[in-house]
Amino acid sequence: MYTASLSQTQGRLGYSIIFRHPVRRSDATGRPGLRVRSGLGTRDEAEAGRLRDELNVLLGDAKYHDPSARSEATRRFDPRVVNIFFDKMIPEKTDFAKLRDAEIALPESDPAGYRRVLFLGTTGAGKTTLVRQLIGTDPNKERFPSTSTAKTTIHDTEIVLAQSDWRAVATFASRGEVREYLNECISNAVLAAARGADNADVLRRVLNHANQRFRFSYVLGNGPRVASQSSDFDDDDVDLDDDDVDLEDEEDLLSEVEHGTIDMTRTEELLAETIEVLHSLAYRHRDALHAELGVDGDEDRRVAEELFEEELDNLLRDDEDFHQTTDALMEEIEKRFELLPPGQVNKTRQGWPLTWSGRWPSDERAEFLSAISRFSSNYAPLFGQLLTPLVNGLRIAGPFSPAWNGSEVPKLVLIDGEGLGHTPKSTSAVSTAVSRRIEATDAVLLVDNATQPMQAASLAAMREVVATGNARKLIIAFTHFDEVKGDNLPTPSAKVHHVLASANNVLAAFGEKLGPDAERTLRQRVERARFFLEDIHKPLSETTASGKRTISQLRKLLDRIDSVIETPELVAARPVYDQMNLVLAIHSAADSFHEVWRPLLGLESKTGFLKEHWTRVKALSRRLGEGWDDEYDTLRPVADLFNELKERIYVFVQSPLRWEGPEPTDDQKRDIFDAFAGNLSPRLLELCTRRVWDERAEQWENAYYERGTGSTFERARIIGDEIYEPAAPVPDARPSPDRNQFLREIIAEVQQAADATNAVLK
């Protein structure tokens, strides 16, 4: 029988409660007994004791160990106890965009109204810098949104340009997600310590997650000064980018903390204590684990390395010192919510912030930008005072306007998200979040570096736009045009032709994969909807030649965005398709999906594919099992299946058997194909989400909780055989219920899209 105990952390007056949950599964064993720690919201010892006693009743009575018993428990026990006990017994998804909508609704698009513009681009291409130009924020004094040469934008930023007061709403990652990222950082730091890493390396791993999504250094600071002076401390691991540090502006920017500060002395002491504890954990488990695994020689060490890593992680997840370390750091992180600017805070039942919203008069621009810097800044002197990594979405509205556009406020909604990364493969799938945003926006502004145009990530984004029938939305902005130099490029015109020639050279790959019509469509977009921008990292002036050219291009860009909502009217011609060809496309897509994932999981060997590290596969299974997200970093099973299906079906859509009615022109054919693909794309995305994620959440959870010898392979087997195989079975001559159902569901979606666009599927 589990029992609860009270805890009161040094420096905090309120009481917390700690217990093992009889239903929720432990990270360490995979069996019921997850360690839970939650604040009680009281400083009164007697009241805390009463709440503990009530929780012990819940823990000791099995009739309450079912989610359906929550209503009965609510009638008997304090709501705080009920919320703590029943929290996360059933994994839940939170619609954060809907939460932001409740505070600031995005204006609707219509012929005379707003345009929603999605910014896409690789890290460092300059998309956020272009956002600054379009909203008119000063790059030196206001620094919003934050930019750098490194990965900067780590959450969605939605900006509504409107003649109104300044408004903002931020949504936050869940407590469970933040804690899991912190656990992964701590586990990685202990592993480094077990391998002999010094204090600086251990601290760096605690403060910076491997995938750079959660940089706890923004929240907790860079730690004790002695650690950062280590010769092994890599400057690249500290976010001191040239674009972020300007000593002349330091005094102005430090005023951003006017809403309160955190005493970093205690934080640095805690981080120093953390380093000592992590070294102790490493020494405690390392030698015993090596002895248990029988690791002696160098060859044995190489063979047992992955097993050692996973077993060490399992031991840590069942070690009370590990959890107490996480508890202490989580409490320190929660202190940063005390820095929230004045406004309305909406919290979960357990007291973790879900949303913050605030409003300022239109003449308080500086105060507004100072307040929202808490949620978006990457300014190094403010490390330890920022909430940036805890935010998963920021929406703001106000009278933004670029100085070069006069006093007019363009009717725009600008949506900026994480960079596309620097994937080596143009066939890589973009995230499902990007796919959904493409469908929901009027224009897709691809920001590309003119010095190295059309690299793999940009091509992947273009493939997504074209294959989903959204090619008419695509606009391309080539930045860093001032850096395109050469003895053979004496004029701006010569530079333009040079960039376009480089771009056109790589577009032939589209014809090979998506068909000649797709290639022609994309070449037209490059010809008709591309712009060249230079020196956009600083204020523009028409008194200089480069400034005048860029301002002219930006004004034309706004005109292009304004006209992109116009959709062509389809002619009466009807394409006729053979269902057998559709079956072949589905077969090819499913087969390709498994050909990629089975080597990644280590279930098969294939030239050109490396097995993913077990920690990444485990992290993926946790996120889908807990309902947090359908991906982890570049591991995107839902997006991968969607990518395979949509591209192969897009080729099918471009290849009708014949046409009924008047023979359409090439342009009219493309309009019909895009309408068909555009109607089908969201249907396919929802189908893939349901089959790979929603219907198999239990299997994802089971995969995560695999423990013990051989668990790495067993986790991979569950994902490959119990999730991917039934989710996307490869149709063949042997009929089965899974294969038949998979085919029927996709054919039904294609049929509905065909009916909606006047196509015929026989």
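Along the sequence shown, residues carry numbers from 1.
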Participant: Under a plain distance cut-off of 3.5 Å, with no hydrogens placed, do Arg336 and Thr267 share a side-chain donor-acceptor pair?
Facilitator: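 Looking only at side-chain atoms, Arg336 and Thr267 do form a donor-acceptor pair, the distance falling under 3.5 Å.
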
Participant: So, for Ala461 and Leu120, which heavy atoms are closest and what is the spacing to 0.1 Å?
Facilitator: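 So the two residues come closest at CB-CD1, 4.2 Å.
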
Participant: Drop me the distance from Asn314's CG to Ser711's OG, to the nearest 0.5 angstrom.
Facilitator: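 So the gap between those two atoms works out to 6.0 Å.
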
Participant: Using the rule given for salt bridge (charged side-chain N to carboxylate O under 4.0 Å, His left out), can you reason through Asp319 versus Arg35, listing the C-alpha separation, both sets of side-chain angles and the distance that settles it, and then say yes or no?
Facilitator: CA-CA 10 Å; Asp319 191 303; Arg35 182 185 184 278; over 6 Å; no

Participant: Hey, do the aromatic rings of His155 and Phe375 have their centres closer than 6.0 Å?
Facilitator: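 Ring centres of Phe375 and His155 not closer than 6.0 Å.
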
Participant: Any side-chain heavy atom of Leu40 within less than 4.5 Å of one from Ile84?
Facilitator: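 Leu40 vs Ile84: side chains touch.
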
Participant: Taking all atoms of both residues into account, what is the closest heavy-atom pair of Ala194 and Ala282, and its distance?
Facilitator: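 Taking Ala194 first and Ala282 second, the nearest heavy atoms are N-CB, 3.6 Å.
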
Participant: List the residues meeting side chain to side chain contact (heavy atoms under 4.5 Å, CB included) with Arg690, not counting sequence neighbours, and say none if there are none.
Facilitator: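 In terms of side chain to side chain contact (heavy atoms under 4.5 Å, CB included), with neighbours along the sequence ignored, Arg690 is linked to Leu687, Asp694, Glu695, Glu745.
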
Participant: Decide salt bridge (charged side-chain N to carboxylate O under 4.0 Å, His left out) for Glu180 and Arg317; before the verdict, give the C-alpha distance in whole Å, the side-chain angles of both, and the deciding distance to 0.1 Å.
Facilitator: CA-CA 11 Å; Glu180 179 58 20; Arg317 302 284 180 138; 3.2 Å; yes

Participant: Between Phe214 and Phe216, is the ring centroid distance below 6.0 Å?
Facilitator: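 Ring centres of Phe216 and Phe214 closer than 6.0 Å.
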
Participant: Could you measure the distance from the CD atom of Glu725 to the CD1 atom of Ile718? Nearest 0.5 Å is fine.
Facilitator: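 Glu725 CD to Ile718 CD1: 15.0 Å, rounded to 0.5 Å.
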
Participant: Would you mind checking if Glu626 and Lys88 are paired as a salt bridge, meaning a charged N to carboxylate O distance below 4.0 Å?
Facilitator: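 Glu626 and Lys88: not salt-bridged.
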
Participant: Are Arg598 and Asp721 close enough, and set up right, to give a salt bridge (charged side-chain N to carboxylate O under 4.0 Å, His left out), and what steps lead you there?
Facilitator: CA-CA 10 Å; Arg598 291 191 72 80; Asp721 296 344; 3.2 Å; yes

Participant: One pair to check against side chain to side chain donor-acceptor pair (under 3.5 Å): Thr432 and Glu631. What are the steps and the verdict?
Facilitator: CA-CA 9 Å; Thr432 57; Glu631 63 180 44; 4.9 Å; no

Participant: Would you call Glu309 and Arg195 a salt bridge, using N to O less than 4.0 angstrom?
Facilitator: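 Here Glu309 pairs with Arg195 in a salt bridge, since their nearest N and O are under 4.0 Å apart.
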
Participant: What is the distance from atom NE2 of His279 to atom CZ of Arg286, rounded to the nearest 0.5 Å?
Facilitator: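 With rounding to 0.5 Å, NE2 (His279) is 10.5 Å from CZ (Arg286).
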
Participant: Less than 4.0 angstrom from a charged side-chain N to a carboxylate O is my criterion; do Asp633 and Arg616 meet it?
Facilitator: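 The answer is yes: the pair qualifies as a salt bridge.
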
Participant: So, do Pro32 and Arg24 sit near enough that their side-chain heavy atoms are less than 4.5 Å apart?
Facilitator: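 Pro32 does not reach Arg24 side chain to side chain.
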
Participant: What I want to check is whether the side chains of Glu311 and His285 have a donor and an acceptor closer together than 3.5 Å.
Facilitator: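 The answer is no; no qualifying pair exists.
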
Participant: Would you check if the side chain of His209 reaches a backbone N or O of Leu182 as a donor-acceptor pair within less than 3.5 Å?
Facilitator: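 Not confirmed, His209 side chain does not pair with Leu182 backbone.
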
Participant: Is the shortest heavy-atom distance from the side chain of Arg205 to the side chain of Cys185 under 4.5 Å?
Facilitator: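 A side-chain contact is absent here, since even the closest heavy-atom pair is not under 4.5 Å.
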
Participant: Could you please spell out the steps behind the side chain to side chain donor-acceptor pair (under 3.5 Å) verdict for Arg636 and Ser431?
Facilitator: CA-CA 7 Å; Arg636 297 168 174 167; Ser431 72; 5.0 Å; no

Participant: Please test Phe19 against Thr3 for side-chain contact (heavy atoms from CB on, under 4.5 Å), starting from the C-alpha separation and ending with a verdict.
Facilitator: CA-CA 6 Å; Phe19 64 98; Thr3 57; over 6 Å; no

Participant: If I take atom CG from residue Leu684 and atom CD1 from residue Ile746, how far apart are they, to the nearest 0.5 angstrom?
Facilitator: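 Leu684 CG to Ile746 CD1: 7.0 Å, rounded to 0.5 Å.
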
Participant: If you apply the rule side-chain contact (heavy atoms from CB on, under 4.5 Å), what do you find for Leu329 with Leu271, and how did you get there?
Facilitator: CA-CA 8 Å; Leu329 291 176; Leu271 289 173; 4.0 Å; yes

Participant: Please check if the number of heavy atoms outside Glu698 that lie under 6.0 Å from its CD is greater than 12.
Facilitator: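 Not more than 12 within 6.0 Å, no.
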
Participant: Are the side chains of Leu278 and Ile186 in contact, using a 4.5 Å heavy-atom criterion?
Facilitator: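 Ile186 vs Leu278: side chains touch.
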
Participant: For the pair Asp416 and Thr157, evaluate side chain to side chain donor-acceptor pair (under 3.5 Å) and give the outcome as yes or no after the intermediate values.
Facilitator: CA-CA 5 Å; Asp416 187 18; Thr157 302; 5.6 Å; no

Participant: For Lys606, I'd like to know if atom NZ has over 12 heavy atoms of other residues, nucleotides or ligands within 6.0 Å.
Facilitator: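 Atom NZ in Lys606 is packed in, count exceeds 12.
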
Participant: Ignoring hydrogens and angles, state whether a donor on the side chain of Asn183 or His323 is under 3.5 Å from an acceptor on the partner side chain.
Facilitator: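 Side-chain D/A pair, Asn183 to His323: absent.
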
Participant: Does Tyr218 have its ring centroid less than 6.0 Å away from the ring centroid of Phe383?
Facilitator: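 Yes.
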
Participant: Between CG of Asn392 and OG1 of Thr94, what distance do you get to the nearest 0.5 Å?
Facilitator: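 One gets 9.0 Å once the value is rounded to the nearest 0.5 Å.
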
Participant: Let me see the working for Arg20 and Val36 under side-chain contact (heavy atoms from CB on, under 4.5 Å), right down to the final yes or no.
Facilitator: CA-CA 6 Å; Arg20 294 278 179 179; Val36 176; over 6 Å; no

Participant: If you look at every heavy atom in Ala590 and Ala728, which pair is closest and at what distance?
Facilitator: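 Distance-wise, the nearest heavy atoms are CB-O, 3.8 Å.
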
Participant: Within 45° of the ring axis of Tyr181 and under 6.0 Å from its six-membered ring centre, is that where the NZ or CZ of Arg623 lies?
Facilitator: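 Flagged: Arg623 positioned over aromatic ring of Tyr181.
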
Participant: Less than 4.5 Å apart, side chain to side chain, heavy atoms only: is that true for Thr468 and Glu439?
Facilitator: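 The answer is yes; the side chains approach within 4.5 Å.
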
Participant: Closest heavy-atom contact between Leu354 and Phe96?
Facilitator: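 Heavy atoms only, the tightest pair is CD2-CE2, 4.3 Å.
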
Participant: Hey, are the side chains of Met89 and His21 touching, using non-hydrogen atoms and a 4.5 Å cut-off?
Facilitator: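 The answer is yes, as the side chains (C-beta and beyond) meet within the 4.5 Å cut-off.
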
Participant: Taking all heavy atoms of Pro729 and all of Arg691, pick out the closest pair and write down the distance.
Facilitator: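 Heavy-atom minimum between the residues: CD-NH2, 4.1 Å.
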
Participant: Search all heavy atoms of Val190 against all heavy atoms of Leu312 and return the closest pair with its distance.
Facilitator: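 Smallest heavy-atom distance, with atoms named: CG1-CD2, 4.5 Å.
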
Participant: Scan side-chain atoms only and decide if Thr326 and Arg179 contain a donor-acceptor pair under the 3.5 Å cut-off.
Facilitator: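 No, Arg179 and Thr326 have no side-chain donor paired with an acceptor closer than 3.5 Å.
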
Participant: Working note: Arg100 + Thr355, criterion side-chain contact (heavy atoms from CB on, under 4.5 Å); need CA distance, chi angles, decisive distance, verdict.
Facilitator: CA-CA 8 Å; Arg100 296 193 292 272; Thr355 65; over 6 Å; no

Participant: With a 4.5 Å heavy-atom cut-off, do Ser16 and Glu331 have their side chains touching?
Facilitator: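 Contact flag for Ser16/Glu331 side chains = yes.
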
Participant: Report yes if some heavy atom in the side chain of Ile719 is under 4.5 Å from a heavy atom in the side chain of Arg715; otherwise report no.
Facilitator: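 Side chain of Ile719 against side chain of Arg715, heavy atoms only: contact under 4.5 Å found.
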
Participant: Name all residues meeting the ring-ring contact (aromatic ring centres under 6.0 Å, His included) criterion together with Trp628; count only those two or more places apart in sequence or in a different chain, and write none if there are none.
Facilitator: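 Trp628 satisfies ring-ring contact (aromatic ring centres under 6.0 Å, His included) with no other residue.
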
Participant: Do Arg436 and Thr689 have a side chain donor and acceptor closer than 3.5 Å?
Facilitator: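 Side chains of Arg436 and Thr689: pair found under 3.5 Å.
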
Participant: Can you tell me how far CD1 of Ile18 sits from OG of Ser7, rounded to the nearest 0.5 angstrom?
Facilitator: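 These two atoms lie 4.5 Å from each other.
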
Participant: With no hydrogens and no angle check, just 3.5 Å: does a side-chain donor-acceptor pair link Asn83 and Arg70?
Facilitator: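 Distance-only check passes for Asn83 and Arg70.
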
Participant: Hey, does the side chain of Thr348 reach the backbone of Trp352 with a donor-acceptor pair shorter than 3.5 angstrom?
Facilitator: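 Yes.
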
Participant: Charged N to carboxylate O under 4.0 angstrom, Glu464 versus Arg437?
Facilitator: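 Looking at Glu464 and Arg437, the cut-off is not met.
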
Participant: Can you see whether Asn702 engages Arg25 through a side-chain donor-acceptor pair at a distance of less than 3.5 angstrom?
Facilitator: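 Indeed, the side chains of Asn702 and Arg25 share at least one donor-acceptor pair under 3.5 Å.
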
Participant: Please confirm whether Tyr724 and Phe593 have ring centers closer than 6.0 angstrom.
Facilitator: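 Between Phe593 and Tyr724, which both carry aromatic rings, the centre distance is below 6.0 Å.
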
